[in-house]
Every structure is written in structure tokens, then in C-alpha cells.
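To keep things clear, I will list the structure first and then write my remarks on it.
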Amino acid sequence: MSALPSFDLRRVRDRFNRAAADYDRHAAVQHEIGRRLDERFGWLKLDPQRILDLGSGTGQMVRAMRERYPHADVVGLDLADRMLHHLPRRRWWSPHRAAVAADMHALPFAGGSMDVVVSNFAVQWSDRPAALFGEVARVSASGAPFVFTTLGPDSLQEIRRAWAEVDPTPHVHQFLDMHDLGDALVSAMLADPVMDRETVTVTYPTVDALLADLRGVGVGNTQAGRAAGMTGPKAWRRFREALAAQAVDGCIPLSYEIVYGLAWGTGVSPMADGAHGIVAAG
């Protein structure tokens with residue numbers, strides 16, 4: 001598995017914090033894939049006590065897990081604290097038990113404390129999948145499922161093509177192939193990974209509408225090695241023209257390769273337990 005470019009995590013957090021207020025208005029793809037992810041739990045026979053939503057955003061999967069498993073404690077974790085303000089609350093829960101602002105590469109929970117880990121559209125924001133999956137393995141109880149979605153390498157190819165006509169500098173994040181993800185799960189001591197994929201294409205009437213949705217869900221170039229400074233008006237105009245030129249029947253497509261993953265906790269992990277000093281809620 002090739003090394004991924006590093007993310008500027010402060011920039012990632014700031015982008016998602018700015019997007020938090022209007023995120024749901026622009027997140028049609030994320031919500032639809034979250035719905036499909038939730039449906040997959042219908043195949044699993046589970047009675048969990050504690051569930052972790054990894055990269056919870058505004059709480060779609062928190063809501064889904066609470067509805068599916070009403071007796072479970074569901075904790076939403078996200079890097080962007082303003083996203084957590086939108087998580088649903090129950091009167092008998094304190095905010096500290098329902099929402100945790102933290103880096104998913106350093107989970108503030110005790111080893112083996114989670115009966116389910118779920119994640120929708122968050123794994124692609126990891127530049128260290130070995131560390132991420134190692135942490136998931138550490139906090140997962142033996143037999144606990146880790147069920148997630150992420151983006152594959154064919155995602156946002158229209159944006160890549162448009163920028164390639166303007167500037168050789170990478171403007172779109174690199175996403176891992178599902179086979180590499182499966183290998184990383186095994187390396188993290190998660191068992192029996194099952195991976196599959198599908199392509200979802202959304203069409204837009206204008207470049208502005210497409211870019212508004214991307215900005216609205218926090219998407220932007222947050223790679224640590226990105227070019228300094230703002231893109232000049234000439235380059236930006238050429239990018240927009242190259243994107244508009246990809247229209248089919250008057251609509252501009254935007255493709256997402258959705259990767260679904262399932263693996264199981266084994267009770268062991270390459271990560272040392274107790275490193276982060278905070279036990280799970282409950």
C-alpha cells in the first residue's frame with residue numbers, strides 16, 4: 001500500500017467547522033449512502049450496549065443507530081466540534097456522553113469498550129489508515145463489527161480531469177483502493193474483512209451548483225503539501241471551463257466510488273491500550 005499525502009488536520013477541522021451550519025443542506029450523497037449503510041445492519045444479529053459513530057458529522061448515523069438499537073449508548077466522535085453541536089440529544093444523557101471531539105487516530109476510549117463501530121464518509125479523511133484501523137481494533141470488543149463507507153480512487157474524477165488541464169499540482173485527495181483497505185484491516189488484526197463498491201453519479205445544472213455542494217460538505221484541498229497561496233483568477237476560470245466542458249445533455253456529472261467495508265474485532269490490536277487515558281461513556 002503506497003503512502004498517502006499528509007493532511008493538515010487543523011485545516012480539515014476548520015473546513016468542517018465552517019460547513020457545520022449548512023452541511024445537511026448539501027449532503028444528499030452522504031445521507032443516501034448513510035441510509036444504505038444503515039440497511040446493512042439488518043443483515044447482522046446484534047444486541048450492542050455501546051456503539052461508536054466514527055466521524056459522526058451532524059449525527060445521521062447516531063440517529064440511525066439509536067433507532068435501530070434503542071437500548072444502546074451511542075457516542076458520536078468528530079474532529080470538528082461544531083459538527084457535534086448538531087447531534088441529537090436525549091434528556092437523560094449528558095452532552096459529554098453523547099459527543100466527543102477528538103482525532104480518530106487517537107480514540108479516547110478504553111480497549112474493548114465498543115460493541116459496534118460505524119463510520120460513514122470519514123475514513124477517506126485519514127492519511128494514516130494503519131493507525132486508524134489499529135485504534136478501531138483496540139476499542140472494539142471481540143466479535144464487534146466495524147462497518148464503514150469511504151471513497152475509492154475513482155471518486156471526483158471530473159474534478160481531477162478539470163484541474164489536470166490547468167495545474168499539475170494535486171488538487172484532489174488520493175483515495176485508497178478497496179483491496180488496499182482490506183489489507184490494512186487485516187494488518188490491524190481485524191478479522192474477515194468483506195469489501196464491495198458501487199459508483200454513484202450526481203448531476204448538476206451549473207458549475208456553481210456543483211462547487212457549492214462540495215464546499216457545503218467541507219471538501220477542499222487540505223493536503224499538507226498543497227501549493228501556498230490562493231489559486232489565481234485565470235487558473236480558476238480555466239478550471240471552471242474544463243469542468244463545464246464535461247457536461248452531458250446540459251448537466252455536469254460528479255462521480256463517487258463508494259467503498260463499503262465490514263470487519264470484526266478480535267480482542268487484539270497493534271495499538272497499546274490505555275494510551276489516551278479516557279474510558280468509554282457508561
Side-chain angles (χ1 to χ4, degrees), residues 1-9 12 33 37 40-41 43-44 46 48 50-56 61 75 77-79 100 102-155 170 172-198 222-225 257-278 280:
M1 181 174 63
S2 59
L4 293 171
S6 297
F7 288 146
D8 180 340
L9 286 184
V12 172
I33 300 307
L37 181 63
R40 295 186 171 221
F41 280 87
W43 307 343
L44 305 175
L46 303 172
R50 295 188 180 93
I51 300 172
L52 173 62
D53 179 8
L54 194 63
S56 59
M61 298 311 297
V75 179
L77 179 143
D78 203 278
L79 183 66
V100 177
D103 181 354
M104 60 186 175
H105 301 90
L107 297 175
F109 308 111
S113 58
M114 296 297 169
D115 301 309
V116 173
V117 180
V118 62
S119 181
N120 184 43
F121 266 75
V123 170
Q124 70 268 16
W125 290 104
S126 173
D127 53 8
R128 292 172 287 140
L132 169 59
F133 292 159
E135 277 292 271
V136 170
R138 183 183 65 79
V139 303
S140 294
S142 180
F146 173 37
V147 189
F148 67 93
T149 66
T150 187
L151 295 180
D154 288 340
S155 299
V172 181
H173 296 165
Q174 179 181 342
F175 305 119
L176 287 178
D177 179 88
M178 70 175 185
H179 302 292
D180 286 336
L181 288 165
D183 291 343
L185 291 167
V186 171
S187 295
M189 302 181 185
L190 291 159
D192 301 325
V194 177
M195 311 295 298
D196 64 290
R197 60 173 294 282
E198 65 177 335
T222 56
Q223 293 179 161
E257 181 188 1
I258 309 298
V259 175
Y260 296 88
L262 166 65
W264 301 86
T266 59
V268 293
S269 162
M271 312 301 287
D273 189 28
H276 313 304
I278 303 176

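Position 1 is the first residue of the sequence, and the numbers go up from there.
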- [ ] Go through Y260 and I258 one step at a time and tell me if the side-chain contact (heavy atoms from CB on, under 4.5 Å) criterion holds.
- [x] CA-CA 7 Å; Y260 296 88; I258 309 298; 3.7 Å; yes
Residues in side chain to side chain contact (heavy atoms under 4.5 Å, CB included) contact with [X], at least two apart in sequence or another chain:
X: V186; result: P193
X: M178; result: M195, R197, V259
X: S140; result: V117, V136, A144

Quick check: closest heavy atoms across [X] and [Y], and the distance to 0.1 Å?
X: P270; Y: S187; answer: CG-O, 4.2 Å
X: S126; Y: P129; answer: OG-N, 3.4 Å
X: M61; Y: N120; answer: CG-CB, 3.8 Å
X: A137; Y: A188; answer: CB-O, 3.2 Å
X: A122; Y: G55; answer: CB-CA, 3.9 Å

Please check this pair: side chain of [X] against backbone of [Y], looking for a donor-acceptor N/O pair closer than 3.5 Å.
X: D115; Y: I51; result: no
X: S119; Y: L54; result: yes
X: S155; Y: G152; result: yes
X: T266; Y: A191; result: no

- [ ] For F146, check ring-ring contact (aromatic ring centres under 6.0 Å, His included) against everything at least two apart and list the hits.
- [x]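 If we apply the ring-ring contact (aromatic ring centres under 6.0 Å, His included) test to F146, skipping adjacent residues, the hits are F133, F148.
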TODO: May I have the step-by-step check of side-chain contact (heavy atoms from CB on, under 4.5 Å) for L262 and R40, ending in yes or no?
DONE: CA-CA 10 Å; L262 166 65; R40 295 186 171 221; over 6 Å; no
Is there side-chain contact between [X] and [Y], with at least one heavy-atom pair below 4.5 Å?
X: E135; Y: F109; value: no
X: V118; Y: F41; value: yes
X: T150; Y: F175; value: no

- [ ] Please list all pairs passing the salt bridge (Lys or Arg N to Asp or Glu O under 4.0 Å) test where one or both residues lie in residues 260-269, with sequence neighbours left out.
- [x]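 Pairs touching residues 260-269 that pass the test: none.
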- [ ] Report the C-alpha separation of I33 and E198 in whole Å, then their side-chain angles, then the decisive distance to 0.1 Å, and conclude whether the side-chain contact (heavy atoms from CB on, under 4.5 Å) test is met.
- [x] CA-CA 10 Å; I33 300 307; E198 65 177 335; 4.2 Å; yes
If you round to the nearest 0.5 Å, how far is [atom2] of [Y] from [atom1] of [X]?
X: W125; Y: D78; atom1: CH2; atom2: CG; value: 11.5 Å
X: L185; Y: D192; atom1: CG; atom2: CG; value: 11.0 Å
X: H105; Y: L79; atom1: NE2; atom2: CG; value: 9.5 Å

Open item on the list: Applying side-chain contact (heavy atoms from CB on, under 4.5 Å) to L107 and L52, what does each step give before you reach the verdict?
Closed with: CA-CA 10 Å; L107 297 175; L52 173 62; 4.2 Å; yes
- [ ] Could I get the full list of salt bridge (Lys or Arg N to Asp or Glu O under 4.0 Å) partners for D103, not counting sequence neighbours?
- [x]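 Applying salt bridge (Lys or Arg N to Asp or Glu O under 4.0 Å) to D103 gives R128.
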